[in-house]
Amino acid sequence: MRMERFPGSRKALPGQLRSQTQPYTFPAPIGGWVTNQSLVKSKPMTAQRLENWVPTSTGIRLRGGSAKRATIGSDPTESFITYNAGGIKRIWACDESAIYDVTTPADPDTPPSPAVSGQTSGYYSYVNFTTSGGSFVTAVNGTDEMQLYDGGTSTWMAVNASSSPAITGVLTSKLSQVWLYRNRQFFIQGGTMKAHYLGVDSIGGALGTINLSGVFQRGGSLLFGATWSLDAGDGIDDKCVFVTTEGEVAIYEGANPAGSTAAEWNLVGRYDISSPLGHRGTMRAGGDLVILTREGIVPISAAINKDAAALSLAAISANIEPDWKREASRRNSLPWEIVKWPEKNYAIVSLPITSDSEEPWQFVINLQTGSWCKFSGWYARCLEYFNGRLYFGTNDGEVHEAEIGGIDGTNGIEHVYVGNPDHFKMMGRLKTVTQARATYVSSTPFKDKVSFSTNYNVELPTAPDAYASGTSDAWDVGLWDVMLWDQTPPASATLGGLWRSIGRTGYVFQPQVQITSGTAVYPNTELSQLDVMFEAGGVVT
């Protein structure tokens with residue numbers, strides 16, 4: 001019988017007798033925020049948390065700050081209205097009782113005189129519409145008479161059956177939503193299954209009626225309508241879309257709703273989606289129309305090809321499905337909105353705040369890559385894109401401009417990136433990260449903190465302090481006799497930081513990068529990659 005010299009000892013596998021230091025690189029998570037996947041085998045270049053970082057095609061960049069531009073009172077800013085014609089651009093902010101011009105307010109803390117007063121609802125739907133008689137804005141809110149802005153006279157007027165122009169057939173105070181289709185203004189009559197329309201190129205006249213009671217099957221009422229164009233423009237293939245509060249969609253084609261033939265007006269089909277989140281929660285994306293619903297952002301093209309139960313898998317927001325559904329369930333008392341910002345190459349979704357206990361969040365998607373992130377710190381109740389800039393209204397009656405400077409008012413911005421779990425291609429083996437180094441492309445100063453969580457347990461350290469001497473060399477911002485005026489800002493440069501000691505041991509790791517913005521300078525900083533050195537322990541049997 002053969003006896004072991006050292007009973008109870010175990011033999012290491014060949015090639016694993018000694019640990020060796022090895023390099024590993026985490027590319028920046030250009031795949032964005034992804035939470036609908038297995039943690040054990042996560043997609044590479046994705047993040048479990050990506051807050052106030054914006055994914056680009058080359059890395060992730062810090063979002064900018066925000067600044068107060070106007071105050072309209074103490075009641076919530078519920079919506080915006082804009083005008084753009086003949087080189088003249090205006091923006092109005094609306095609360096429950098009035099409409100205020102906030103294009104160029106004299107003082108951001110002093111409310112301007114209202115352009116329209118005596119209202120009872122501040123949530124408007126509007127369109128810009130140009131006819132042979134001029135350029136106009138039509139605005140409706142479902143409780144007050146329609147408001148018409150005449151760009152030629154720069155005045156607002158209430159439209160009813162006796163005004164000039166006049167609208168007859170239905171009280172304009174019952175019209176809750178307006179959109180354009182085939183050079184006509186279409187309207188929803190709030191709380192009913194009826195839609196209405198005016199004549200071609202008309203801002204007044206007798207309203208025609210489309211009764212959709214026999215088309216929809218799940219009850220509720222019409223919430224909004226929109227134009228769906230298959231060729232990403234206005235043309236003969238445009239279709240008119242009607243959506244109910246219960247998530248039913250009817251699609252029509254044709255140019256004349258009063259016509260007696262299918263060529264003039266024809267029902268293409270009825271389809272099911274989940275309940276929409278608001279009548280301003282739509283956006284045209286190329287040749288498609290997307291709708292914010294409880295299941296996610298659903299393209300109309302998917303709704304006509306898939307069962308309603310499978311739409312969440314085809315939703316544009318599928319990567320953040322758990323977070324989307326949770327917030328849609330929590331924040332359903334106010335309408336959601338989505339706004340496209342071409343200059344920043346992203347679309348932003350408002351998550352309206354009803355109380356101070358709710359987190360000030362927005363969901364943001366890169367329009368080119370489809371990657372997601374989350375913004376925090378903007379107390380946005382409504383959103384508007386105007387003149388190449390983004391504005392949001394707050395619950396305390398303020399209007400703020402987004403992505404400007406490096407702070408939110410007087411508050412610093414915490415940027416947090418937590419990567420999805422990574423096994424370093426060595427599943428089941430114990431490893432120790434000894435050092436790490438982050439590489440950035442930046443033209444502004446900053447202080448970062450790099451750390452790691454292990455074994456699926458996210459533990460973030462305290463956020464780093466903001467860079468102390470990053471005030472801008474700008475008039476009315478920099479300090480006299482300290483800042484340098486008329487200086488050319490530094491060009492972006494690749495910055496490979498110093499190696500930092502980490503000393504974390506585990507089987508699976510999540511990289512973490514934190515930066516705090518706290519200066520008036522816009523944070524022009526992008527994370528490119530994170531390099532680590534690690535040691536792999538031996539596998540014993």
Tell me if a side-chain donor or acceptor on Thr454 pairs with a main-chain N or O of Phe509 at a distance below 3.5 Å.
no
Go through the steps to decide whether Thr434 and Phe534 satisfy the test side-chain contact (heavy atoms from CB on, under 4.5 Å), and finish with yes or no.
CA-CA 5 Å; Thr434 58; Phe534 75 97; 5.8 Å; no
Could I get the full list of side-chain hydrogen bond (donor to acceptor under 3.5 Å, both in side chains) partners for Arg294, not counting sequence neighbours?
none
Taking the side chain from Ser442 and the backbone from Asn524, do they hold a donor-acceptor pair closer than 3.5 Å?
yes
Minimum heavy-atom separation for Phe386 and Arg90, please, with both atom names.
CE1-O, 3.3 Å
Any Ile338 side-chain heavy atom under 4.5 Å of Ile297 side chain
yes
Please give me the minimum heavy-atom distance between Gly405 and Pro523, naming the atom from each residue.
O-CD, 3.5 Å
Looking at Val521, is its backbone amide N or carbonyl O close enough to the side chain of Thr519 to form a donor-acceptor pair, meaning the two atoms are under 3.5 Å apart?
yes
For Thr516, side-chain hydrogen bond (donor to acceptor under 3.5 Å, both in side chains) partners two or more places apart:
none
Is the backbone N or O of Ile30 less than 3.5 Å from a side-chain atom of Ser371, with the two atoms forming a donor-acceptor pair by type?
yes
Check: Tyr467 ring centre within less than 6.0 Å of Phe446 ring centre
no
Do Thr46 side-chain atoms and Ser42 backbone N/O form a donor-acceptor pair below 3.5 Å?
no
Would Trp341 and Tyr346 satisfy ring pair (Phe, Tyr, Trp, His ring centres under 6.0 Å), going step by step from the backbone distance to the final call?
CA-CA 6 Å; Trp341 196 353; Tyr346 65 64; 5.6 Å; yes
Are side-chain N/O atoms of Thr439 and Ser528 paired as donor and acceptor at under 3.5 Å?
no
Here's a test for you: under ring pair (Phe, Tyr, Trp, His ring centres under 6.0 Å), which of Tyr24, Phe452, Tyr507 qualifies with Phe424?
Tyr24
Answer whether the closest heavy-atom distance between the side chains of Val339 and Leu390 falls below 4.5 Å.
yes
Side chain Asn395, main chain Tyr379, donor-acceptor under 3.5 Å
no
Asp95: salt bridge (charged side-chain N to carboxylate O under 4.0 Å, His left out) partners, not counting sequence neighbours:
none
side-chain hydrogen bond (donor to acceptor under 3.5 Å, both in side chains) partners for Asp323, two or more places apart:
Thr35, Arg326
Which pairs count as salt bridge (charged side-chain N to carboxylate O under 4.0 Å, His left out) when at least one residue sits in residues 35-61, sequence neighbours excluded?
Arg49-Glu51, Arg61-Glu403
Please give me the minimum heavy-atom distance between Asn366 and Pro55, naming the atom from each residue.
ND2-O, 2.8 Å
Restricting to pairs with a member in residues 405-415, which pass salt bridge (charged side-chain N to carboxylate O under 4.0 Å, His left out), not counting sequence neighbours?
Arg63-Asp408
Only counting residues at least two apart or in another chain, list the ones meeting salt bridge (charged side-chain N to carboxylate O under 4.0 Å, His left out) with Arg330.
Glu327, Glu359
Carefully, step by step, assess Phe80 and Trp92 under the rule side-chain contact (heavy atoms from CB on, under 4.5 Å).
CA-CA 6 Å; Phe80 292 96; Trp92 295 269; over 6 Å; no
side-chain contact (heavy atoms from CB on, under 4.5 Å) evaluation trace for Phe224 with Ile291
CA-CA 11 Å; Phe224 67 88; Ile291 301 173; 3.9 Å; yes
Mind checking what makes side-chain hydrogen bond (donor to acceptor under 3.5 Å, both in side chains) contact with Asp75, not counting sequence neighbours?
none
Begin with the C-alpha distance, continue with both residues' side-chain angles, and end with the deciding distance and a verdict on side-chain hydrogen bond (donor to acceptor under 3.5 Å, both in side chains) for Thr82 and Tyr126.
CA-CA 8 Å; Thr82 66; Tyr126 75 94; 2.8 Å; yes
Among Lys344, Glu343, Lys340, find the one that has a side chain to side chain donor-acceptor pair (under 3.5 Å) with Tyr385.
Glu343
One should read off an interatomic distance between Leu351 CG and Leu334 CG, to the nearest 0.5 angstrom, of 11.0 Å
Sequence-distant partners of Asp531, salt bridge (charged side-chain N to carboxylate O under 4.0 Å, His left out), two or more places apart:
Arg437
Any heavy-atom pair between the side chains of Ser350 and Arg381 that's under 4.5 Å?
no
For Ser57 and Thr369, what are the C-alpha separation, side-chain angles and deciding distance, and is it a side-chain hydrogen bond (donor to acceptor under 3.5 Å, both in side chains)?
CA-CA 7 Å; Ser57 58; Thr369 65; over 6 Å; no
Donor-acceptor pair, distance only, cut-off 3.5 Å: does the side chain of Glu78 make one with the backbone of Gly122?
yes
Contacts of Asp107 meeting salt bridge (charged side-chain N to carboxylate O under 4.0 Å, His left out) (sequence neighbours excluded), chain-then-number -> none
So, applying side chain to side chain contact (heavy atoms under 4.5 Å, CB included) with Thr77, which one of Thr71, Asp396, Ile72 is it?
Ile72
Spacing of Thr244 atom OG1 and Asp272 atom CG [to the nearest 0.5 Å]
8.5 Å
I'd like to check Pro360 versus Trp378 (side-chain heavy atoms, cut-off strictly below 4.5 Å). Are they in contact?
no
Would you check if the side chain of Ser79 reaches a backbone N or O of Tyr124 as a donor-acceptor pair within less than 3.5 Å?
yes
With sequence neighbours left out, what residues match Asn387 under side-chain contact (heavy atoms from CB on, under 4.5 Å)?
Lys89
Keeping Thr293 on the side-chain end and Gly296 on the backbone end, is there a donor-acceptor pair under 3.5 Å?
yes
Verdict with reasoning, Val418 to Leu460, per side-chain contact (heavy atoms from CB on, under 4.5 Å)
CA-CA 9 Å; Val418 179; Leu460 278 168; 4.0 Å; yes
When you measure from the side chain of Thr394 to the backbone of Glu398, do you find a donor-acceptor pair of N or O atoms at a distance under 3.5 Å?
yes
Apply the side chain to side chain donor-acceptor pair (under 3.5 Å) test between Asp448 and each candidate in Arg500, His415, Gln514; give the one that qualifies.
Arg500
Are Ile353 and Arg331 side-chain neighbours, meaning at least one heavy-atom pair lies under 4.5 Å?
yes
Lys431 bridged to Glu535 by N-O distance under 4.0 Å:
no
Is a donor from one side chain sitting under 3.5 angstrom from an acceptor on the other, for Glu526 and Thr58?
yes
Residue pairs fulfilling ring-ring contact (aromatic ring centres under 6.0 Å, His included) with at least one residue in residues 274-298, sequence neighbours excluded
Tyr123-His279
Phe363-Phe375 aromatic ring centre distance below 6.0 Å
no
